Protein chains: 2
Amino acid sequence: MAPKVGEYRVDQYATDGSRAAILEAAARCFTERGYDATSIDDVARSLGATKGRIYHHYPSKADLFADVFRAGMEMNYAAIEPVRDLPGKALGRWRTLAFTHVVQMIRRRTFQRVVWEGTEMYLRGATTPQQRSTFAALHESRSRYGAIFRQTIAEAKKDGDMRFGSLGIANQLMLVTLNSPIFWYSPRPGETRDDIDDIAWQVVAFAASGLGASEGEFR
Amino acid sequence: MAPKVGEYRVDQYATDGSRAAILEAAARCFTERGYDATSIDDVARSLGATKGRIYHHYPSKADLFADVFRAGMEMNYAAIEPVRDLPGKALGRWRTLAFTHVVQMIRRRTFQRVVWEGTEMYLRGATTPQQRSTFAALHESRSRYGAIFRQTIAEAKKDGDMRFGSLGIANQLMLVTLNSPIFWYSPRPGETRDDIDDIAWQVVAFAASGLGASEGEFR
DNA sequence: GTCTATATACTGATAGAC
DNA sequence: GTCTATCAGTATATAGAC
């Protein structure tokens, strides 16, 4: 179940065309230039509009950014929901979860970059006191999401299906690996769904081996 | 040998106390708040000075940032220089290189965060035409540095000591893993040199296994 | 070599027309 | 619901005193 972290629900950002268009444009701009270097005028211009349109929907730039963050996390929860409670051992469940996550990083790259930058902003304390509680909720949503992965590898280790030292370090290395397509992936002309799946499996295989998983996969 | 990427040499930033202090403060500020959110006043204030001091040494904020980037890369080349041309098979050489690099990411975290952000700025094209050539040179310096690692794992694969699919993807995953301490590491009170080495070896072990290296190391 | 103004530009946010 | 005009705050960079 995708928990509500903000004031809007899933179907709202899906059906409200105006707000959805703003979110898409904002995600793209924030990804291209980063939060501070992106002006509201930039986002408006990329929509072929002026900032009046944006300020009608969002009271501030920080709120717009936070809503992209929220939408990104909601997409993540929605993506893994069908594979969260599959039967079987932890290692197998982890593989499916990890693959789903990586594909998500590739498909919704712009939103996921905002999730990353938002997390960094929160951890750096680069937020005003009013924003702080909003960002804290978003950061907690992301922590809960990450905890699903962390728990699964902890269980796999207990099963004897993974071998690693510190759980905390292994967890960080796993997450940074699975998230890394947001930094290096860029679509190639004529790329198929299978091509993306192939890339994603290579990422999962790297992380699995890194975590000392029993059998390696080298597709 | 550490190639000169900018106009200053190693011994200059090491001996010129005034400029070195500015670089340290700038690296800290840029790491804490990011390039755009950091004002020259912030850097000056963290030095207990005013911006006159900084503008005497650097003509612009972008130049200051670029010099931190340059210093960071110079530190990296200097760090791996003693282990670049060791004898032995590629896998063994890679382990030593990788360990040295990870320790460097931990020890000089602030400078390495600037290297990361500078690279992103360059790739995003978030530079003015005048800055472009400076950043291009710095980015190329970083690419050459990364190529040392890429070449080594390619050789290890040819030796049959590593197993992975696409070299390009494996390279990205390796680099993001080895660099990742700049995102999640923070020093703990009473931490010893051995503690840091232990963390670094766990990172190297993860990457080695991820690359399908023959023997796993699980410290 | 460092500091104190100050010019200049940009941007987040608001008010009110349509 | 969107646009135009405008205000206020901030930040880069410069000029000139010390």
Side-chain angles (χ1 to χ4, degrees), chain A residues 8 12-13 15-30 32-69 114 117-118 121 124 126-132 134-135, chain B residues 8 12-13 15-26 28-30 32-69 114 117-118 121 126-132 134-135:
Chain A
Y8 316 109
Q12 263 176 320
Y13 82 76
T15 54
D16 183 335
S18 187
R19 180 170 277 141
I22 293 175
L23 279 180
E24 290 283 347
R28 211 169 43 242
C29 289
F30 287 135
E32 280 168 10
R33 291 182 274 278
Y35 178 77
D36 287 288
T38 300
S39 69
I40 298 280
D41 279 320
D42 286 334
V43 179
R45 201 175 312 122
S46 89
L47 282 166
T50 65
K51 54 182 154 197
R53 175 120 136 236
I54 290 166
Y55 278 107
H56 177 73
H57 291 279
Y58 292 97
S60 77
K61 178 174 156 180
D63 282 278
L64 172 58
F65 183 84
D67 204 35
V68 179
F69 190 158
V114 171
E117 190 180 0
M121 285 171 67
R124 291 201 286 222
T127 46
T128 65
Q130 304 103 50
Q131 296 158 13
R132 195 83 190 143
T134 305
F135 275 72
Chain B
Y8 317 106
Q12 264 178 317
Y13 81 75
T15 54
D16 182 336
S18 186
R19 182 171 276 141
I22 292 175
L23 279 180
E24 290 283 349
R28 210 168 45 241
C29 289
F30 286 135
E32 279 168 11
R33 290 181 275 279
Y35 178 77
D36 288 287
T38 301
S39 70
I40 299 281
D41 280 319
D42 286 335
V43 180
R45 201 175 313 123
S46 89
L47 281 167
T50 64
K51 55 185 151 196
R53 175 120 138 236
I54 289 165
Y55 277 108
H56 178 72
H57 290 281
Y58 293 97
S60 76
K61 177 174 156 180
D63 282 277
L64 172 59
F65 183 84
D67 204 35
V68 178
F69 189 159
V114 171
E117 190 180 1
M121 285 170 68
T127 46
T128 65
Q130 305 103 48
Q131 298 158 12
R132 195 82 191 144
T134 304
F135 274 72

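To find a chain, count down the sequence lines: A is the first, B the second, and so on, and within it residues start at 1. In this text, all values refer to a predicted model and were calculated from it rather than measured experimentally.
- Residues that satisfy the salt bridge (Lys or Arg N to Asp or Glu O under 4.0 Å) test with A/R132, not counting sequence neighbours, are absent from this structure.
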Checklist outcome for this item: Protein-proximity profile, nucleotides 4-18 of chain C, B/S/- by nucleotide at the 4.0 Å heavy-atom cutoff, equals B------SBBB----
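- The CG-C1' distance, from B/D63 to D/dT12, rounds to 13 Å in whole Å.
- In this structure, the side-chain contact (heavy atoms from CB on, under 4.5 Å) partners of A/A25, at least two apart in sequence or on a different chain, are A/R28, A/V43, A/S46, A/L47.
- In this structure the side chain of B/R19 reaches within 4.5 angstrom of the side chain of B/Y58, judged on heavy atoms.
- Partners of B/K61 under the salt bridge (Lys or Arg N to Asp or Glu O under 4.0 Å) rule, at least two apart in sequence or in another chain, do not exist in this structure.
- D/dA13 atom P lies 10 Å from atom CD of B/Q130, rounded to whole Å.
- Scanning for side-chain contact (heavy atoms from CB on, under 4.5 Å) contacts around B/Q131 gives B/A62, B/T127, B/T128, B/F135, with sequence neighbours left out.
- Contact between the side-chain N/O atoms of A/H57 and the OP1/OP2 oxygens of D/dT2 is found at a separation under 4.0 Å.
- In this structure, B/Q131 places its CD atom 12 Å from C1' of D/dT12, rounding to the nearest Å.
- A/D42 meets the side-chain contact (heavy atoms from CB on, under 4.5 Å) test with A/R33, A/T38, A/S39, A/R45; sequence neighbours excluded.
- Rounded to a whole Å, the OH atom of B/Y58 is 14 Å from the P atom of D/dA13.
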